[in-house]
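Everything quoted here is computed from the prediction, not taken from an experiment. Residue numbers run from 1 in the order of the sequence given.
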Amino acid sequence: QVQLVESGGGLVQAGDSLRLSCAASGRTFSNYAMGWFRQAPGKERQFIAGISGGAGNTYYTASVKGRFTISGDNARNTLFLQMNSLKPEDTAAYYCAAKFTRATWAVFTTTREYDYWGQGTQVTVSS
């Protein structure tokens with residue numbers, strides 16, 4: 001029911017910034033928790049950042065805390081990931097995900113908990 005499309009990836013140098021977007025269609029963000037994940041070649045898809053459905057609570061994995069910021073524009077049904085001070089180890093395909101939930105305070109951190117996924121956008125950080 002929910003379609004997610006990521007954009008904003010690209011090739012940047014270490015220390016640069018990127019802002020990823022995830023456009024949602026089909027339903028509003030109401031009753032949906034959202035998250036960002038990334039997957040490097042040969043590795044599992046890993047949680048990066050999440051935001052609750054209604055309360056605005058956020059949670060970040062330790063490796064990006066202080067550098068990345070997750071946010072949403074509910075009026076435009078768009079999720080953002082602001083990435084600052086990028087490092088080569090941030091290189092990966094980045095995916096947004098949505099989970100239907102009535103727990104408006106909750107943030108979800110595992111792939112199995114999410115219902116919908118985007119196609120991903122590639123971020124490559126050179127040294």
Do you reckon Val123 sits in the same ILVMFWY cluster as Tyr95, going by side-chain contacts under 4.5 Å, direct or chained? no
Would you check if Tyr60 and Thr69 make a side-chain contact, meaning some heavy-atom pair closer than 4.5 Å? yes
Is there a path of hydrophobic side-chain contacts, each under 4.5 Å between heavy atoms, that joins Phe68 and Ile70? yes
Checking the side chain of Lys99 only, and the main-chain atoms of Glu113 only, is there a donor and an acceptor separated by less than 3.5 Å? yes
Same cluster (ILVMFWY, side-chain, under 4.5 Å), Leu4 and Tyr114: no
Identify the two heavy atoms, one from Ala106 and one from Ala33, that lie closest to each other, and give their separation to 0.1 Å. O-CB, 4.0 Å
Spacing of CG belonging to Leu79 relative to SG belonging to Cys96, to within rounding of 0.5 Å: 6.0 Å
Do Arg67 side-chain atoms and Ser85 backbone N/O form a donor-acceptor pair below 3.5 Å? yes
Considering residues, nucleotides and ligands other than Gln119, do more than 12 of their heavy atoms fall under 6.0 Å from its CD? no
If you measure from OH on Tyr32 to OG1 on Thr101, what distance do you get to the nearest 0.5 Å? 10.5 Å
I need the Ile48 CD1 to Lys65 NZ distance, nearest 0.5 Å. 14.5 Å
Roughly how far apart are Arg38 CZ and Leu81 CG, rounded to 0.5 Å? 9.5 Å
Whether Glu6 side chain and Leu20 backbone form a donor-acceptor pair below 3.5 Å: no
Quick one: do Ser52 and Trp105 satisfy side-chain contact (heavy atoms from CB on, under 4.5 Å)? Show the steps, please. CA-CA 5 Å; Ser52 63; Trp105 62 91; 5.5 Å; no
Could you see if Tyr116 belongs to whatever hydrophobic cluster contains Val107? Use Ile, Leu, Val, Met, Phe, Trp, Tyr and a side-chain cutoff under 4.5 Å. no
Would Val2 and Phe108 show up in the same hydrophobic cluster when neighbours are defined by side-chain heavy atoms closer than 4.5 Å? no
Spacing of Tyr94 atom OH and Leu18 atom CG [to the nearest 0.5 Å]: 9.0 Å
At their closest point, which heavy atom of Gln122 faces which heavy atom of Thr91, and how far apart are they? NE2-CG2, 4.0 Å
Sorted by chain and number, sequence neighbours left out, ring-ring contact (aromatic ring centres under 6.0 Å, His included) with Phe47 holds for Phe37
For the CE atom of Met34 and the SG atom of Cys22, what is their distance to the nearest 0.5 Å? 4.5 Å
Any side-chain to backbone donor/acceptor pair from Ser21 onto Ser7? Under 3.5 Å, distance only. no
Contact summary for Ala40 and Ala92, nearest pair of heavy atoms: N-CB, 3.9 Å
Test item: side-chain donor near acceptor, Asp73 and Thr78, under 3.5 Å: no
Are the side chains of Gln82 and Ser17 in touch, meaning some heavy atoms are under 4.5 Å apart? yes
